[in-house]
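The first residue in the sequence is number 1, and the count goes up from there. No hydrogens, no waters, no symmetry mates; every other heavy atom, side chains included, goes into these values.
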Amino acid sequence: QIKMLDPIFHEEGDRPMKRGMEVSETKQLQRRLNHERRQAARQLARDAAVVQQLQHQKGEVKRKAKQSERKRVRQMMETEKQEL
């Protein structure tokens, strides 16, 4: 069965749409498009934050590894210095 809709005619001087009043299909599509666009932007921001956190964690691991290597080399140099 085909869905039949009564046509909606908007004239100058009509009051703005209130809740519950029928809204034209293009308006509904525009609103849905804007809603989905905003949702996509929010999701992209969340994803970017997660990627940044992961990169930070990887950087921390590398930094700690370098720091422990420096500490090991310093200890070796100190022991060699004391032996001399």
*Remaining members of Leu33's ILVMFWY cluster at a side-chain heavy-atom cut-off under 4.5 Å?*
none
*Applying salt bridge (Lys or Arg N to Asp or Glu O under 4.0 Å), name anything that partners Glu80, two or more places apart in sequence or on another chain.*
none
_Suppose clustering is done on Ile, Leu, Val, Met, Phe, Trp and Tyr with side-chain heavy atoms closer than 4.5 Å. Which residues sit in the same group as Met77?_
Val73
*Which pairs pass side-chain hydrogen bond (donor to acceptor under 3.5 Å, both in side chains) with one or both residues in residues 33-44, sequence neighbours excluded?*
Asn34-Arg37, His35-Gln39, Gln43-Arg46, Gln43-Asp47
*Supply the members, apart from Val50, of the Ile/Leu/Val/Met/Phe/Trp/Tyr cluster built from side-chain contacts under 4.5 Å; use none for a lone residue.*
Leu54
*Those residues that, when tested against Arg70, pass salt bridge (Lys or Arg N to Asp or Glu O under 4.0 Å) (two or more places apart)*: none
_Test side chain to side chain contact (heavy atoms under 4.5 Å, CB included) applied to Leu29 - qualifying residues, sequence neighbours left out_ = Glu25, Arg32
*Applying side chain to side chain donor-acceptor pair (under 3.5 Å), name anything that partners Thr26, two or more places apart in sequence or on another chain.*
Ser24
*Run the numbers on Lys66 and Glu69 for salt bridge (Lys or Arg N to Asp or Glu O under 4.0 Å), then give the verdict.*
CA-CA 5 Å; Lys66 284 182 182 181; Glu69 179 65 17; over 6 Å; no
*Which residue pairs satisfy the side-chain hydrogen bond (donor to acceptor under 3.5 Å, both in side chains) criterion with at least one member in residues 48-61, sequence neighbours excluded?*
Glu60-Arg63
